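Order of listing sets the numbers, starting from 1, for every ligand and every atom in it. In this text the structure is predicted, and so the values were computed from the model without any measurement. Below, each value reflects all heavy atoms present in this structure, side chains not excepted, and no hydrogens, waters or symmetry copies.
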Amino acid sequence: MKTYIVGNWKMNLTVGESSIYLQKLLKRIKMSKDIEVAVAPSTIALQTLSVQLERNKSKVKLAAQNFYHRDYGAYTGEVSVMQLNGLVNYAIVGHSERRYIFGETNKDLKLKVAAAIRNNITPILCVGETENERTYGETKDVIRDEIFGALSEIDAEDVKKVIIAYEPVWAISSTKGAKIAAPDEIANTIKLIKSELKEIYGKEIAEKVPILYGGSVNPSNAGAYLTIPGVNGLLIGGSSLISDHFIDIIEIAKRVAR
Ligand code: 13P
């Protein structure tokens with residue numbers, strides 16, 4: 001399986017800044033068949049970056065940070081995944097910031113996962129427990145609800161088009177005081193995610209679903225996170241905004257994959 005290195009820029013960088021960043025990335029990285037690199041800029045930068053990637057014949061991919069589950073209609077201010085088709089290969093679904101700041105529920109996410117698959121875009125489904133849920137020993141139940149909630153109507157054929165990102169909410173944005181997740185704890189939760197997938201789809205199919213880790217990943221810990229059994233890549237926030245750091249992490253991923 002490939003290693004996925006995905007940068008989630010969240011609500012940062014203007015269109016101009018995004019384009020300059022991408023140019024630097026394209027100049028500096030040598031793509032490898034083992035590594036899939038994607039960035040998720042702001043929605044308004046997708047068109048510009050998509051043209052830029054095409055012009056450079058680059059294999060770097062784009063991801064959307066969010067979309068609405070309906071394909072078209074009277075939904076002022078929303079962008080559909082159908083409109084994103086042709087611009088992005090991936091779309092992040094159910095990031096904890098969408099769950100907790102914008103109130104997205106597992107029911108919304110089920111519709112989003114289905115919409116992405118219907119439009120040939122790979123959903124990167126984020127799951128993860130909050131600090132409180134972790135303290136009260138509810139991690140298992142939360143992960144189970146999030147996996148079953150979002151995937152209950154996705155069949156075995158389609159789940160092969162899904163990527164899961166485990167992002168413990170308490171480990172996101174260490175620059176803002178979050179904690180750093182220990183490899184052992186991540187390994188345990190990833191085992192849990194795999195066993196939920198096995199329960200629904202069986203072992204063979206469950207093994208085909210890539211699982212990424214996200215939460216305060218930086219060039220100093222990326223290598224350790226990538227060697228955790230079951231981790232197939234990284235979803236990076238803060239560190240992906242610094243192009244030198246993101247490039248370093250891609251190089252580390254290449255070394256680990258070798
Ligand atoms: P940080 O890498 O800034 O902790 O963010 C992780 C994240 O939320 C990626 O989606």
Atom indices of ligand 1 within 4.0 angstrom of [X] heavy atoms, with elements:
X	value
G238	1 (P), 2 (O), 3 (O)
H95	7 (C), 8 (O), 9 (C), 10 (O)
S173	1 (P), 3 (O), 4 (O)
S216	1 (P), 2 (O), 4 (O)
N8	9 (C), 10 (O)
L235	9 (C), 10 (O)

State, yes or no, whether a side-chain contact exists between [X] and [Y] at a heavy-atom distance under 4.5 Å.
X	Y	answer
I164	V209	yes
P168	Y213	yes
L13	I20	no

Where the closest heavy atom to atom 9 (C) of ligand 1 is concerned, which of E97, Q65, E167, K10 has it? E167
Can the positive tip of K61 be found less than 6.0 Å from the middle of the six-membered ring of Y90, inside 45° of the ring normal? no
Within-shell test, G214 vs ligand 1, heavy atom, strictly < 4.0 Å: no
Could you tell me whether ligand 1 has any atom less than 4.0 Å away from a heavy atom of S239? no
Short side-chain to backbone donor-acceptor contact, S80 and D71, under 3.5 Å: yes
Return yes if some donor-acceptor pair links the side-chain N/O of E104 with the main-chain N/O of R98 below 3.5 Å, else return no. no
Measuring from E167:CD to L235:CG, what's the distance to the nearest 0.5 Å? 4.5 Å
